[in-house]
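To start, the structure under review is shown below, and the notes come after it.
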Number of protein chains: 2
Amino acid sequence: MMKVLANLIEEMGATIPFPRGAAIYRESDPASYLYKVAAGTVRSFKTLNNGRRQIGAFYLPGDIFGLEAGEFSAEAITDAKLLMIERKALVALAARDNDVAHQLWSLTSRELRRVQNHVLLLIQSAQERVAGFLLEMADRVPAGGEIELPMPRQDVADYLGLTIETVSRTLTHLERRGAITLPTSRRVVHCRSALNQINAESGWQLRGTTGQACYQ
Amino acid sequence: MMKVLANLIEEMGATIPFPRGAAIYRESDPASYLYKVAAGTVRSFKTLNNGRRQIGAFYLPGDIFGLEAGEFSAEAITDAKLLMIERKALVALAARDNDVAHQLWSLTSRELRRVQNHVLLLIQSAQERVAGFLLEMADRVPAGGEIELPMPRQDVADYLGLTIETVSRTLTHLERRGAITLPTSRRVVHCRSALNQINAESGWQLRGTTGQACYQ
DNA sequence: CGTGATCTTGAGGGAATTCAATGTCGGTGG
DNA sequence: CCACCGACATTGAATTCCCTCAAGATCACG
């Protein structure tokens with residue numbers, strides 16, 4: 001029977017509660033643990049020398065994270081429960097068990113693909129970034145047609161490389177366009193096809209040619 | 001004696017020449033090989049639905065690449081010689097040899113860190129992006145104080161999420177500032193400390209007040 | 001009901017893009 | 001050898017998009 005990483009963490013790890021805002025690890029810390037989110041939401045981020053903050057990822061229930069520890073910091077966005085397992089233990093296990101080794105590799109590969117997609121988000125227009133972000137979140141939470149954002153606007157902004165004002169404006173703009181509705185500031189009822197269309201539309205228009213109907 | 005991945009590729013792989021501009025693999029291809037650059041330069045990129053192109057990485061002699069195959073395409077920027085090895089063969093070897101498994105993981109982790117740094121580049125101002133790019137290249141090629149860029153401006157632009165005009169203007173701007181000299185358009189004599197200073201300067205300054213403890 | 005945190009909206013300015021034209025370099029053929 | 005060509009690069013003018021600064025609105029909570 002193959003050992004599944006997620007299960008291993010549950011069997012071998014301890015569950016620790018982190019209150020809203022609590023630090024899980026810091027950039028300066030040695031990377032000692034891997035984590036699985038049992039409940040709540042986590043942000044992984046880096047603070048640049050100029051004081052700005054870049055959020056590298058949001059981790060939701062079920063996600064495993066901590067691979068980027070040592071480079072990034074992590075904090076609980078909401079009250080959270082985390083399963084923790086020592087990296088040492090996993091690496092030792094991987095040395096004896098190929099399944100585990102392979103899954104550590106897979107996990108890293110998945111993370112790599114995630115960051116590559118993040119790059120693709122960051123080169124687009126504000127509208128496309130926000131639309132892309134909403135689609136990403138919609139894919140990750142079960143509920144159909146509606147998302148409850150666990151993070152404040154500032155976190156969204158720092159994830160997308162925008163300002164909080166631009167995020168806010170863009171959301172109302174998307175609402176006016178009919179791509180989403182905002183019953184409350186954190187709840188987003190979305191029209192997936194409309195959001196997809198925005199991404200297909202090419203924010204700064206395809207140079208030269210037709211370039212119609214962007215931003216109204 | 002531990003098996004070193006780079007050596008394995010050389011021992012087990014075949015050397016293939018690729019002329020300037022030749023495709024190495026395409027996004028649609030199955031990811032069958034890992035490559036090591038013996039000579040020349042390679043670009044890995046993705047073409048977005050709107051026609052724009054994002055370059056994910058440049059690979060120089062000595063670099064191993066191909067992990068992102070299946071998601072990205074790769075082309076030779078200059079005439080290149082590549083060592084190729086089947087992924088299958090490596091994965092099979094990894095199943096028996098922990099060293100190999102561990103190195104495949106390390107390679108992926110390094111790539112992950114590289115892409116994370118790319119994200120940090122992309123959220124900065126044009127000047128910082130170009131300065132950061134030059135510093136990155138300077139770190140990767142041996143010669144001290146001078147770089148020979150193997151890629152055209154368009155590639156630099158697509159790597160940095162800028163237009164070719166902005167890259168060009170920014171380079172002349174850096175030259176006027178005294179951070180670099182451009183004997184020819186592809187050769188860059190750089191002053192590392194000046195470039196570093198530009199990055200420290202924070203293109204867009206920290207907003208608001210003292211930059212204390214926002215986000216709790 | 002006030003207080004602070006979060007979010008939205010507006011006005012103005014700056015930075016990068018777009019469009020367009022000119023400049024440079026290496027190669028090829030007259 | 002030089003004129004011409006195409007690929008690559010630089011520069012300028014106008015525009016667009018996003019940021020900055022500032023004020024107001026909304027929400028949660030004591």
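Every chain is numbered from 1, with letters handed out A, B, ... down the list of sequences. Just so you know, these numbers come straight off a predicted model, no measurement behind them.
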In whole angstroms, the gap separating P of C:dA15 from CD of B:Gln124 amounts to 15 Å

Dump every N/O contact between nucleotides 25-30 of chain D and the protein below 3.5 Å, one line per pair.
none

Min side-chain heavy-atom separation A:Leu171-A:Arg153 under 4.5 Å: yes

Contacts of B:Arg177 meeting salt bridge (Lys or Arg N to Asp or Glu O under 4.0 Å) (sequence neighbours excluded), chain-then-number -> B:Glu201

For nucleotides 7-13 of chain C, 5' to 3', base contacts (B), sugar-phosphate-only contacts (S) and non-contacts (-) with protein non-hydrogen atoms under 4.0 Å give SBBBB--

Here the salt bridge (charged side-chain N to carboxylate O under 4.0 Å, His left out) pairs for residues 179-195 of chain A, sequence neighbours left out, are A:Asp139-A:Arg192, A:Glu146-A:Arg187, A:Glu148-A:Arg187

A:Asp158 CG to C:dT6 P, in whole Å, measures 13 Å

When rounded to whole Å, the CD to P distance for the pair A:Glu128 and C:dT17 reads 14 Å

note: B:Leu162, atom CG; D:dT16, atom C1'; distance rounded to Å ~ 16 Å

Item to check | Derivation and outcome, salt bridge (charged side-chain N to carboxylate O under 4.0 Å, His left out), residues A:Arg140 and A:Glu136 | outcome: CA-CA 6 Å; A:Arg140 292 174 67 187; A:Glu136 184 191 322; 3.5 Å; yes

Whole-Å distance, B:Leu149 CG to D:dA9 C1', equals 13 Å

Requested in this report: Fit a plane to each ring of A:His118 and A:Tyr159, take the angle between them on a 0 to 90° scale, and name the class: parallel (under 30°), tilted (30 to 60°) or perpendicular (over 60°).
Outcome: parallel

Here the salt bridge (charged side-chain N to carboxylate O under 4.0 Å, His left out) pairs for residues 25-40 of chain B, sequence neighbours left out, are B:Glu10-B:Lys36

Taken to the nearest whole Å, CD1/B:Ile123 to P/C:dA16 is 14 Å

Rounded to whole Å, CG of B:Leu160 lies from P of C:dT17 at a distance of 10 Å

Original post:
Mind checking whether B:Ile164 and B:Val167 have side chains closer than 4.5 Å, heavy atoms only?
Top reply: no

For B:Glu175, the salt bridge (Lys or Arg N to Asp or Glu O under 4.0 Å) test, sequence neighbours excluded, returns none

From CZ of B:Arg187 across to P of D:dA9 the rounded distance in Å is 14 Å

Value for CZ (B:Phe65) from CZ (B:Arg43), rounded to nearest 0.5 Å, stands at 12.0 Å

